[in-house]
Amino acid sequence: MQGLWQLFYNMELGLMTVLAAMENHRIHVDKDALKRTSDLLGTKLKQLEQEAHKAAGQQFLVTSSNQLRLVLFEKLRLQELCENKKLPKTVLKQHHSTSEVVLMQLQDLHPLPKIILEYRQVHKIKSTYVDGIMSCMKKSYISSTWNQTGTVSGRLSAKHPVIMHLRSLHFSGKEPEVVTIHPRSMFIPAEGWTFLAADFSQVELRLLAHLSLDPELLKLFQEPKTTADVFSMLASQWKGIPETEVKHADREQAKRIVYSVVYGAGKERLSEILGITADQASQFVESFLQKYKQVRAFTQKTIQQCQKQGYVVSIMGRRRPLPHIGAQDYTIRTQAERQAVNFVVQGSAADLCKIAMIRIFTLLASSSTLTARLIAQIHDELLFEVEDSQVEEFAAVLKSTMESLQHVEALGVHLKVPLKVTLSTGKSWGSMTELLDSRSCSH
DNA sequence: CTAATCTTT
DNA sequence: CGGGAAAGATTAG
């Protein structure tokens with residue numbers, strides 16, 4: 001039946017057990033650290049509230065947009081001071097809005113809007129990333145809920161603790177000092193265990209190379225300069241700086257640019273990312289697609305195929321129907337076209353990661369010595385908890401198992417490019433350091 | 001550019 | 001007062 005049975009039987013069915021085990025597993029959280037940061041942010045909010053009251057000349061509930069509107073527009077009458085600017089707006093009622101754009105415009109006129117803006121920012125950080133996690137906790141641990149069928153691309157999604165969205169946050173502390181919060185460092189392994197993370201490097205770009213058969217792209221991955229990182233390399237080329245000088249942010253930007261271009265970003269959007277004019281941006285796109293000629297051929301082929309059959313297919317047979325692919329409306333049609341292209345690559349990457357999870361899981365289940373446990377999946381990254389004494393041994397099996405997915409006999413997958421997995425370990429999820437291949441170290 | 005979750009308005 | 005939609009933040013590629 002449409003070749004979907006194989007996908008269901010060999011992948012999704014097997015994954016259910018894996019996800020169930022992940023949901024059952026307890027991820028320990030450093031409750032004290034969490035409490036400390038919550039208190040820290042709480043104090044900051046209190047401070048800002050006081051400042052706001054002082055600036056307003058009265059007490060009011062800072063979180064209430066109604067009360068804020070009263071202070072801003074009826075007491076201070078700030079709208080009268082900015083008639084030259086376009087009226088902020090009021091849609092539903094005749095009221096003035098207190099939305100972010102309005103406050104931005106008002107912040108030169110009075111100290112209050114700025115304080116409110118900072119208050120809202122800190123408040124959001126606190127409620128999402130600190131109190132949000134705290135409310136999901138039972139005793140001293142959390143477990144995410146994993147949704148197997150919640151995305152169009154075949155990726156997994158996680159609910160409750162927003163495990164996939166945690167990041168570092170900076171905000172101004174007392175005067176000059178800047179406080180940085182690392183929500184990921186709140187997550188800690190059990191006593192005597194270590195976190196081990198395995199990442200498929202540049203997985204979507206490698207898949208694009210395989211799918212498009214672009215010679216330049218293939219060369220990038222097939223040549224044995226395995227030491228080089230593609231995005232760092234491109235960043236160094238574009239910025240004209242040696243690769244050792246490439247910062248994390250440069251690499252991150254290069255990555256964004258590459259994916260933006262191959263997924264069909266317009267010149268306006270790209271000029272924003274690159275910080276150049278739209279003309280320069282479209283020139284950039286042209287020269288990029290000129291160098292990697294087959295990429296454009298691949299997107300066109302994908303769109304054509306989608307027009308013909310109404311859906312696109314990932315490398316392991318997952319489908320996405322795109323009924324709007326033949327729409328009259330330009331906006332709707334081109335969006336479907338970009339979605340078609342994106343699905344083939346992103347969906348294939350999702351397939352690969354799911355297979356990796358199953359392989360490792362069954363390997364662990366049948367091992368009499370290895371005790372590692374799969375904790376989470378963040379798209380192309382698998383996070384494990386490993387007994388301290390087994391880190392080296394498990395790391396080696398993990399890496400080779402994942403990289404061996406270049407060929408998956410059962411699903412007819414034979415990638416034209418090798419897969420590369422990078423490993424990192426740490427005593428908290430927030431402080432992982434790369435684990436280098438022990439073989440290349442010792443020789 | 002695509003995919004997602006979560007909070008605010 | 002609450003539900004829902006849209007906007008805007010983040011993450012991943």
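Residue numbers begin at 1 in each chain, while the letters A, B, ... track the order of the sequences.
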- Message: If I take atom NE2 in residue A:His379 and atom P in nucleotide C:dA12, what distance separates them, rounded to the nearest angstrom?
- Response: 9 Å

- Contact class for A:Arg320 vs. all strands (heavy atom < 4.0 Å): base, sugar-phosphate, or nothing? sugar-phosphate

- Message: Tell me whether the side-chain N/O atoms of A:Gln339 come closer than 4.0 Å to OP1 or OP2 in B:dA3.
- Response: yes

- A:Leu322 atom CG is separated from B:dT2 atom P, nearest whole Å, by 12 Å

- Note on the structure: Closest to the side chain of A:Ser127, out of B:dA3, B:dA4, B:dT8, is B:dT8

- Task: In whole angstrom, give the distance that lies between atom CG of A:Asp131 and atom C1' of B:dT7.
- Result: 13 Å

- Message: Just to be sure I understand the rule, does A:Glu337 reach a base, reach only the sugar-phosphate, or reach nothing, if contact means heavy atoms closer than 4.0 Å?
- Response: nothing

- Item | Separation of C:dT10 P from A:Glu252 CD (nearest whole Å) | 13 Å

- Query: Is the shortest heavy-atom distance from the side chain of A:His407 to the side chain of A:Val413 under 4.5 Å?
  - Reply: no

- Query: How is A:Arg338 classified with respect to the nucleic acid when contacts are heavy atoms under 4.0 Å: base, sugar-phosphate, or nothing?
  - Reply: sugar-phosphate

- So, is A:Gln377 near the phosphate of C:dA12, with a side-chain N or O under 4.0 Å from OP1 or OP2? no

- Query: Does A:Lys255 have a side-chain nitrogen or oxygen under 4.0 Å from the phosphate oxygens OP1 or OP2 of C:dG13?
  - Reply: yes

- What nucleic acid atoms does A:Thr151 come within less than 4.0 Å of, heavy atoms only: base, sugar-phosphate, or nothing? sugar-phosphate

- Message: Does anything in residues 288-325 of chain A form a ring pair (Phe, Tyr, Trp, His ring centres under 6.0 Å)? List the pairs, not counting sequence neighbours.
- Response: A:Phe288-A:Tyr292

- Task: Take the protein atom CG of A:Leu270 and the nucleotide atom C1' of B:dT2, then report the distance between them rounded to whole Å.
- Result: 15 Å

- Task: Check the distance between B:dT2's P and A:Tyr259's OH and give it to me in whole angstrom.
- Result: 16 Å

- Length of the line joining A:Leu419:CG and C:dG13:P, which is rounded to integer Å: 15 Å

- Across the strands shown, which category fits A:Val152 at heavy-atom distances under 4.0 angstrom: base, sugar-phosphate, nothing? sugar-phosphate

- Query: To the nearest Å, how far apart are A:Leu234 CG and C:dG13 P?
  - Reply: 16 Å

- Query: Using a cut-off of 4.0 Å on non-hydrogen atoms, how would the nucleic acid contact of A:Val203 be classed: base, sugar-phosphate, or nothing?
  - Reply: sugar-phosphate

- Message: I'd like to know whether CD of A:Glu216 has more than 12 heavy-atom contacts from other residues, nucleotides or ligands below 6.0 angstrom.
- Response: yes

- Task: Would you indicate what A:Gln346 reaches in the nucleic acid, counting non-hydrogen atoms under 4.0 angstrom: base, sugar-phosphate, or nothing?
- Result: base

- Message: Looking at A:Arg333, I want to see if its CZ is surrounded by more than 12 non-hydrogen atoms of other residues, nucleotides or ligands under 6.0 Å.
- Response: yes

- Item | Salt-bridge present (A:Lys293, A:Glu286; N to O < 4.0 Å) | no

